[in-house]
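For clarity, every value in this text was computed on a predicted model and none was experimentally measured. Throughout, protein chains are lettered first and strands after them, A, B, ... in sequence-line order, and every chain is numbered starting at 1.
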Number of protein chains: 2
Amino acid sequence: MPQQTMYEGPNGNNDESQMKTLSKTRRPAPPREQQRLDPTEREAIIAREAVSFFAEHGFEGQTRELARRLGITQPLLYRYFPSKEALIERVYQEVFVGRWNPSWEKIITDRSVPLKARLGRFYREYAQVILTYEWIRLFMFAGLKNLGLNARYLKMLRERAFEKVIEEIRFEYGRPSTGDLPITVLEIEMVWGLHAAIFYLGVRQFIYSMPLETDVDSIIDAKVATFLGGVRTVLPAKTSP
Amino acid sequence: MPQQTMYEGPNGNNDESQMKTLSKTRRPAPPREQQRLDPTEREAIIAREAVSFFAEHGFEGQTRELARRLGITQPLLYRYFPSKEALIERVYQEVFVGRWNPSWEKIITDRSVPLKARLGRFYREYAQVILTYEWIRLFMFAGLKNLGLNARYLKMLRERAFEKVIEEIRFEYGRPSTGDLPITVLEIEMVWGLHAAIFYLGVRQFIYSMPLETDVDSIIDAKVATFLGGVRTVLPAKTSP
DNA sequence: CGGATAATTGATCAAACGATAAATAACGCT
DNA sequence: AGCGTTATTTATCGTTTGATCAATTATCCG
């Protein structure tokens, strides 16, 4: 006797008219989804869907609706994550830690490439990661909830990227290293300004739902150029004659 | 037979052992707050506190806690607002409509004042309004919830401020009016960039909880100067010889 | 095939939450 | 002082929501 469920799955899989091709043909990639999954795979699927789900509904989104989207029952979530909060923590890891690319730091400091090209490439690649529906909204939800997450992330961003950018600009213009002359408030504020411009593109798209009229890369190139020009004019005077 | 309730009141008032000192001493000017208020006054108090409350907790904040902060009971809220959603709507009005200053439009277009001074003054005053805990967070909460509110507000901002700014810049540099030559994507994008820089100051403070190291006005002045310089270099060429 | 393991489900709990209705009491008016 | 109006409270309803536990069944292994 078939089980009765109240809802129609997203693919209408309850329909039994489709052929049963479950017959353990040891195919390497069966296109039909299994009913029982390997725990590590199930966990990954839940985590991936949770990213999408919480990005859409915020962290107040209900576990039952997440389960429905996954095609599983709600208690199953608690087999893989001890609490909703633990699942959210996993989402943070997935997005804010997992999507950071360590090679970005090399791009910035690779002096065999002209500075403007380096910055352009870094900010374009960085923008490609954070200018997504999931990244932008989750970052904002996390900020409004306010655990230290955002400040912590931005502290890392400052150390791994912003300070390196400033060091490279100093070098390019023959100024003292940031090791000798500390980074000024003005310098870091200009980097914030560039960051703000990029980040705000994501806010407009994914939080205000206002489609952009231009492609992101050209905006970034323009901003980087303006930034380089601007930072040069306000740099503190040389200390060495 | 007395009814049994399952919970203990916040003050443990079920305990009858405390003295009854409630004996109606008719003092003329009691410093303690009134128990009954005029409906219009009560409504204003609720609305004001709701602004603060929802800015802090988001729109999922509970009506019971709001009532507790107001020193009233939760059902009383429903005497003044038919639903929680109506109360939230009132919060929108209070903040995003009520705090807009119509004279800003005059500041921008007053050609008896130098352009740079006009823009500096407008953006400083505007920043003073939106760079508050309540404004920034409510705007972000509203965006993430996404009714059309943010897009609608920004459409107004564009019409009443951004387009006027561009018109004044066109005039300053002897370019054709925006009535004759439509605003270019590049121009509006540069205004967005300035707006982003200011808005992001609020995000850093009130969403990421990162205190600013500089005063806002000096940042704004610098941004306005950079903006004016930048927009001049990228303006489309004159169409009249 | 047949039993063991464990992934998954069904049932349900307790607290939280928006909302409603009736009871209470503060204030104004005569 | 007495009375009517109504601001405010008390009690409670119906759902929702995170979480728990025992029952179920798909899958693996010999």
> Atom CZ of R79(B) to atom P of dA19(C): distance rounded to whole Å?
17 Å
> Please tell me if R42(A) has a side-chain N or O lying less than 4.0 Å from either OP1 or OP2 of dT8(C).
yes
> Does a sphere of radius 6.0 Å around CZ in R121(B) hold more than 12 heavy atoms from other residues, nucleotides or ligands, not counting ones at 6.0 Å or beyond?
no
> Between dG18(D) atom C1' and F54(A) atom CZ, what is the distance in whole Å?
11 Å
> Give, for atom CZ of R69(A) and atom OG of S52(A), the distance between the pair rounded to the nearest 0.5 Å.
4.0 Å
> Starting from the 5' end of DNA chain C, give me the residue, L76(A) or F59(B), whose nearest nucleotide shows up first.
L76(A)
> Are any of T73(B)'s side-chain N or O atoms less than 4.0 Å away from OP1 or OP2 of dT8(D)?
no
> Which whole-number value in Å describes the distance from I88(B) CD1 to dG18(C) C1'?
11 Å
> Test for a donor-acceptor pair under 3.5 Å between the base of dA6(C) and the side chain of R36(A), counting only N and O atoms.
yes
> For the pair made of CD in Q74(B) and P in dC13(D), what is the distance, rounded to whole Å?
15 Å
> Which nucleotide in the set dG18(D), dA11(D), dT9(C) lies at the smallest distance from any side-chain heavy atom of P75(B)?
dA11(D)
> Between P on dT8(C) and CZ on F81(A), what's the gap in Å once rounded to a whole number?
13 Å
> Which part of the nucleic acid does Y80(A) contact within heavy-atom distance under 4.0 Å: base, sugar-phosphate only, or nothing?
sugar-phosphate
> Rounded to the nearest angstrom, tell me the gap between atom CG in L70(A) and atom P in dA7(C).
17 Å
> For E43(B), is there an ion pair with R79(B) - N to carboxylate O distance below 4.0 angstrom?
no
> Is it true that H195(A) and Y123(A) share a donor-acceptor pair across their side chains at a distance under 3.5 Å?
no
> Before accepting this row, confirm whether a basic side-chain N of the pair K164(A)/E167(A) lies closer than 4.0 Å to the acidic partner's carboxylate O.
no
> Indicate, with a heavy-atom threshold strictly under 4.0 Å, whether P39(A) touches base, sugar-phosphate, or nothing.
sugar-phosphate
> Nearest whole angstrom, please: distance from the P of dA11(D) to the CZ of R64(B).
14 Å
> Rounding to a whole Å, what distance do you find between Y78(A):OH and dG18(D):P?
6 Å
